[in-house]
Each structure stands twice: as C-alpha cells, then as structure tokens.
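Questions regarding the structure given below will be posed in turn.
Every value quoted in this text rests on a predicted model; they were computed, and no experiment measured them. So you know, we letter chains A, B, ... as the sequences are listed, proteins then strands, and number each from 1.
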There are 2 protein chains.
Amino acid sequence: MTGICKQHEIHYRQALKSSRQKATPARLAILEVLEHARHPLSADEIKGALPKGKTDLATVYRNLEMLKEKGWVSALNISSQTAYYELSKLEHHHHLVCESCGRTKALAGCKAAELTKNFLNQKGFARIARHSLEYFGLCKKCERTNN
Amino acid sequence: MTGICKQHEIHYRQALKSSRQKATPARLAILEVLEHARHPLSADEIKGALPKGKTDLATVYRNLEMLKEKGWVSALNISSQTAYYELSKLEHHHHLVCESCGRTKALAGCKAAELTKNFLNQKGFARIARHSLEYFGLCKKCERTNN
DNA sequence: AACTACTTGCAAGTAATTTGCATTTGTGAT
DNA sequence: ATCACAAATGCAAATTACTTGCAAGTAGTT
C-alpha cells in the first residue's frame with residue numbers, strides 16, 4: 001500500500017530491538033499496515049495490504065503470533081472462523097461488529113473490567129487474564145441497503 | 001450416549017413441528033446431547049456424544065446451523081478456530097473460559113446488556129442484535145497442575 | 001567482510017466446516 | 001396404511017484458515 005513512514009519505522013525499529021527481535025521488512029510492513037488500519041484485519045487482509053504481494057501468508061501468521069506474544073497486537077474473537085488483528089497500543093476497548101458487512105467500530109472505555117472482580121474469587125477460577133466483549137448488529141449503511 | 005428421554009423427545013417434536021422442521025433421529029439426538037451437556041460443545045464433541053457414531057459430521061453441522069437460525073442453539077466465540085454450541089433456552093449469560101484446558105463455566109446474569117443501550121444511538125449502528133462477553137483465565141485445576 | 005541465529009518463501013499438512021449429489025426418510029394427503 | 005415428495009442424510013470431495021518442515025536468505029553482531 002503506502003510505503004513505511006519514517007517516523008513509525010524508527011519507532012518500530014527501537015521497539016523490536018529492545019525485545020531482541022529483528023527488524024525485518026515484513027515485520028515493519030505489517031506494523032505499518034496495522035497502524036493505518038481503520039478496523040481489525042484478518043491475516044489475509046493484512047497480506048493483501050502489504051506492498052506488492054511478496055510476503056508469504058505463513059510469514060504474516062508467524063509475525064502476528066510473535067507480535068501477539070509481545071503484546072503489541074491483539075486478536076479478536078468476532079468470528080469463530082477467522083481471527084482479526086489490531087494494534088493493542090490503543091486503550092483497552094471493545095467493538096461493534098456489523099453482522100452484515102463485518103465492519104467494526106471501536107468503543108471507547110470498558111465497563112466490563114469492573115465486573116471482572118466479582119468473578120475472580122468464585123467459580124473456581126484462579127485468575128482472569130483477559131476478556132472479550134463484542135456487540136453484533138447492523139450498521140446503518142447495511143440497514144439502508146436492506147441486508 | 002444415553003437414549004433420548006421421552007419427556008424431552010415429546011417437547012422437541014412439538015417445537016420442530018411448529019417450525020415445520022422434520023423430527024429426524026439426528027436432530028432429536030443432537031438436542032438431547034445439548035440438553036445434558038455441562039458446557040458448550042464443539043460439533044465434533046457433539047458427534048462423539050451421539051449414540052453409536054452413525055451420524056455424519058456434516059449432518060451435525062447442518063442441524064446446528066438450522067437450530068441456530070431458529071434461535072434454539074447459540075454458538076460461542078471463545079476460540080477463533082472452533083465454534084462451541086449450547087442450547088439458548090437458558091437465561092442469557094456469559095462464560096469463564098480456561099485458556100489451558102478449555103473448560104468453561106457459565107456465569108449467571110448479565111450486566112453487559114445495560115451497557116448496550118448507551119451504544120444504540122451512537123456509532124452509526126442501526127441496532128444491536130447480540131453481544132458476546134467472555135472471560136479467559138486459568139481454572140484452579142489447571143493452576144495446580146502448573147499449566 | 002564474516003559469522004550465525006533468526007527469518008523467510010515455498011510446499012505440504014491439518015483442522016474445522018461446507019458443498020454436491022445420489023439415496024433415504026419423515027410427513028401430510030389420500 | 002400407503003403414497004408422493006420435499007427435506008434430510010451419508011459419503012466423498014472441496015474450501016478456508018492456519019501451521020509446519022526445511023532449505024535458502026538476511027539482520028545484526030564481531
């Protein structure tokens with residue numbers, strides 16, 4: 001898509017270096033794509049947005065996996081078929097997902113975390129690492145086109 | 001597994017009939033399995049719990065799909081790899097999912113619905129049909145075995 | 001410039017789910 | 001009860017999303 005902008009590139013290189021990860025072109029490009037994404041993307045969509053289809057899908061998956069482990073990227077459970085990825089540097093948040101077109105909107109703030117505490121010492125769970133809260137509906141665009 | 005108990009069978013037959021769906025053995029058996037399940041099951045697990053492995057997996061999937069459309073069964077987004085199904089006749093609720101063993105616990109009550117209203121008239125969404133709220137952590141059993 | 005461990009592309013492999021099609025089976029009508 | 005037929009099923013093949021093995025390439029150190 002667009003090239004990598006210098007600002008970001010420098011930032012990413014430092015982040016990668018401090019985690020002892022190599023700053024490969026594929027990695028920088030994937031981060032750049034996610035940086036500009038308006039909504040969470042599937043691995044395939046990410047590959048599609050990469051400059052000149054030279055990067056293999058396997059590489060995309062491998063990098064997403066490591067970015068996820070480092071906590072830089074998070075995967076969403078909005079489809080039981082496909083994972084969608086976004087940068088996790090944004091404030092913790094949830095989404096509205098259109099069941100017709102799949103478009104998502106981020107929702108600021110999260111009240112669900114408060115609820116978490118109530119569950120911690122019950123139900124035989126040692127600890128709760130994360131939660132997912134997603135709303136599914138119909139965006140206005142899809143409603144108009146009667147989907 | 002166990003046979004179909006008469007009580008349930010009669011109930012299911014009526015429900016199916018009123019939706020103009022045939023009461024096939026596979027259908028009745030799948031409903032019976034879900035009725036007795038202690039936690040959401042994958043299509044494969046459902047097939048495994050069916051009497052004498054004669055029902056094809058494709059049939060299980062096709063039936064789950066129709067049961068979902070009728071609103072009798074709902075699928076959970078707890079893994080982006082596999083769908084887990086449960087009867088939706090239970091009170092609306094969410095789950096605790098152990099990231100190690102996959103075991104789930106149902107959580108009574110749902111505070112998330114309240115939050116929904118706040119989103120309805122914003123974000124360009126026409127309406128919100130459903131939401132998913134799942135907590136992921138480690139159940140005590142898995143913590144003990146140091147997973 | 002050389003070394004080496006980490007990365008990548010490519011091809012093959014898996015797991016979950018879907019689809020095509022010929023055959024069988026519930027069900028309402030007879 | 002029997003019939004007719006749309007709906008449902010089994011089986012095999014296809015599809016999708018993702019993973020893995022391996023030889024070749026490369027970032028980052030020396």
Side-chain angles (χ1 to χ4, degrees), chain A residues 4 9-10 12-31 33 40-70 72-85 102, chain B residues 4 9-10 12-31 33 40-70 72-85 102:
Chain A
I4 299 175
E9 178 170 349
I10 293 172
Y12 295 144
R13 283 185 182 282
Q14 292 187 336
L16 287 166
K17 183 166 197 170
S18 66
S19 293
R20 284 182 246 90
Q21 299 296 136
K22 292 184 180 174
T24 66
R27 249 159 224 183
L28 293 170
I30 289 170
L31 284 165
V33 166
L41 301 175
S42 69
D44 208 54
E45 289 168 338
I46 292 170
K47 176 184 157 71
L50 254 24
K52 286 298 174 195
K54 54 166 68 160
T55 307
D56 194 81
L57 236 199
T59 299
V60 174
Y61 277 111
R62 282 188 277 230
N63 279 317
L64 286 172
E65 181 57 29
M66 99 76 169
L67 292 170
K68 219 170 58 179
E69 273 168 15
K70 293 294 174 191
W72 295 333
V73 158
S74 39
L76 266 64
N77 290 128
I78 52 181
S79 148
S80 67
Q81 221 73 295
T82 314
Y84 288 82
Y85 303 85
Chain B
I4 299 174
E9 180 170 349
I10 292 171
Y12 295 144
R13 283 184 181 281
Q14 291 188 334
L16 288 166
K17 184 167 195 170
S18 65
S19 292
R20 282 182 249 90
Q21 299 297 137
K22 292 183 181 175
T24 66
R27 247 158 225 184
L28 293 170
I30 290 170
L31 285 165
V33 165
L41 301 175
S42 68
D44 208 54
E45 289 168 337
I46 292 170
K47 177 186 155 69
L50 253 25
K52 287 297 173 194
K54 53 166 68 159
T55 307
D56 194 79
L57 236 199
T59 298
V60 174
Y61 278 112
R62 283 188 277 230
N63 278 316
L64 286 172
E65 180 58 27
M66 99 77 170
L67 292 170
K68 218 168 61 181
E69 273 168 16
K70 294 294 174 189
W72 296 333
V73 158
S74 38
L76 265 64
N77 291 128
I78 52 182
S79 149
S80 68
Q81 219 75 295
T82 313
Y84 289 83
Y85 304 85

task: Would you mind reading off the distance between B/Asp44 atom CG and C/dA15 atom C1', rounded to a whole angstrom?
output: 9 Å

query: More 5' along DNA chain C: A/Ala26 or B/Gln81, using each one's nearest nucleotide?
result: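 Final value for this comparison: A/Ala26.
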
message: Distance check needed: C/dC6 P versus A/Glu65 CD, whole Å only.
response: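 It is 17 Å, rounded to the nearest whole Å.
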
message: Let me check the geometry of the helix from C/dA1-D/dT30 to C/dT30-D/dA1. What is the bend angle between the axes at its two ends, five pairs each, to 10°?
response: 40°

Set of side-chain contact (heavy atoms from CB on, under 4.5 Å) partners for A/Ser42, sequence neighbours left out: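 A/Asp44, A/Glu45, A/Thr82, A/Tyr84.
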
Between the protein and nucleotides 19-23 of chain C, which nitrogen or oxygen pairs come in under 3.5 angstrom?
{"from": "C/dG20", "atom 1": "O6", "to": "B/Arg62", "atom 2": "NH1", "distance (Å)": "3.2"}

query: For A/Arg62, which residues count as a salt bridge (Lys or Arg N to Asp or Glu O under 4.0 Å) partner, sequence neighbours excluded?
result: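 With sequence neighbours excluded, A/Arg62 shows a salt bridge (Lys or Arg N to Asp or Glu O under 4.0 Å) to no residue whatsoever.
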
message: Below 4.0 Å from chain B heavy atoms, what is the first contacting nucleotide of DNA chain D and what is the last?
response: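 With heavy atoms of chain B under 4.0 Å away, the range is D/dA6 to D/dC18.
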
Expected rows: protein N/O vs nucleotides 27-30 of chain C N/O, under 3.5 Å:
{"from": "C/dT27", "atom 1": "OP1", "to": "B/Ala23", "atom 2": "N", "distance (Å)": "2.6"}

message: Restricting to side-chain contact (heavy atoms from CB on, under 4.5 Å), what partner residues turn up for A/Lys54, sequence neighbours left out?
response: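 So A/Lys54 forms no side-chain contact (heavy atoms from CB on, under 4.5 Å) with any residue.
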
Would you list the atom pairs, donor with acceptor, under 3.5 Å between side chains in residues 17-28 of chain B and any protein atom, with sequence neighbours excluded?
{"from": "B/Ser18", "atom 1": "OG", "to": "B/Gln14", "atom 2": "O", "distance (Å)": "3.4"}
{"from": "B/Ser18", "atom 1": "OG", "to": "B/Ala15", "atom 2": "O", "distance (Å)": "2.9"}
{"from": "B/Thr24", "atom 1": "OG1", "to": "B/Arg27", "atom 2": "N", "distance (Å)": "3.3"}
{"from": "B/Arg27", "atom 1": "NE", "to": "B/Asn63", "atom 2": "OD1", "distance (Å)": "2.7"}
{"from": "B/Arg27", "atom 1": "NH1", "to": "B/Lys22", "atom 2": "O", "distance (Å)": "2.9"}
{"from": "B/Arg27", "atom 1": "NH2", "to": "B/Asn63", "atom 2": "OD1", "distance (Å)": "3.3"}

field: Upstream residue (5' side of DNA chain D) when A/Leu57 and B/Thr55 are each assigned their closest nucleotide
entry: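 The answer here is B/Thr55.
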
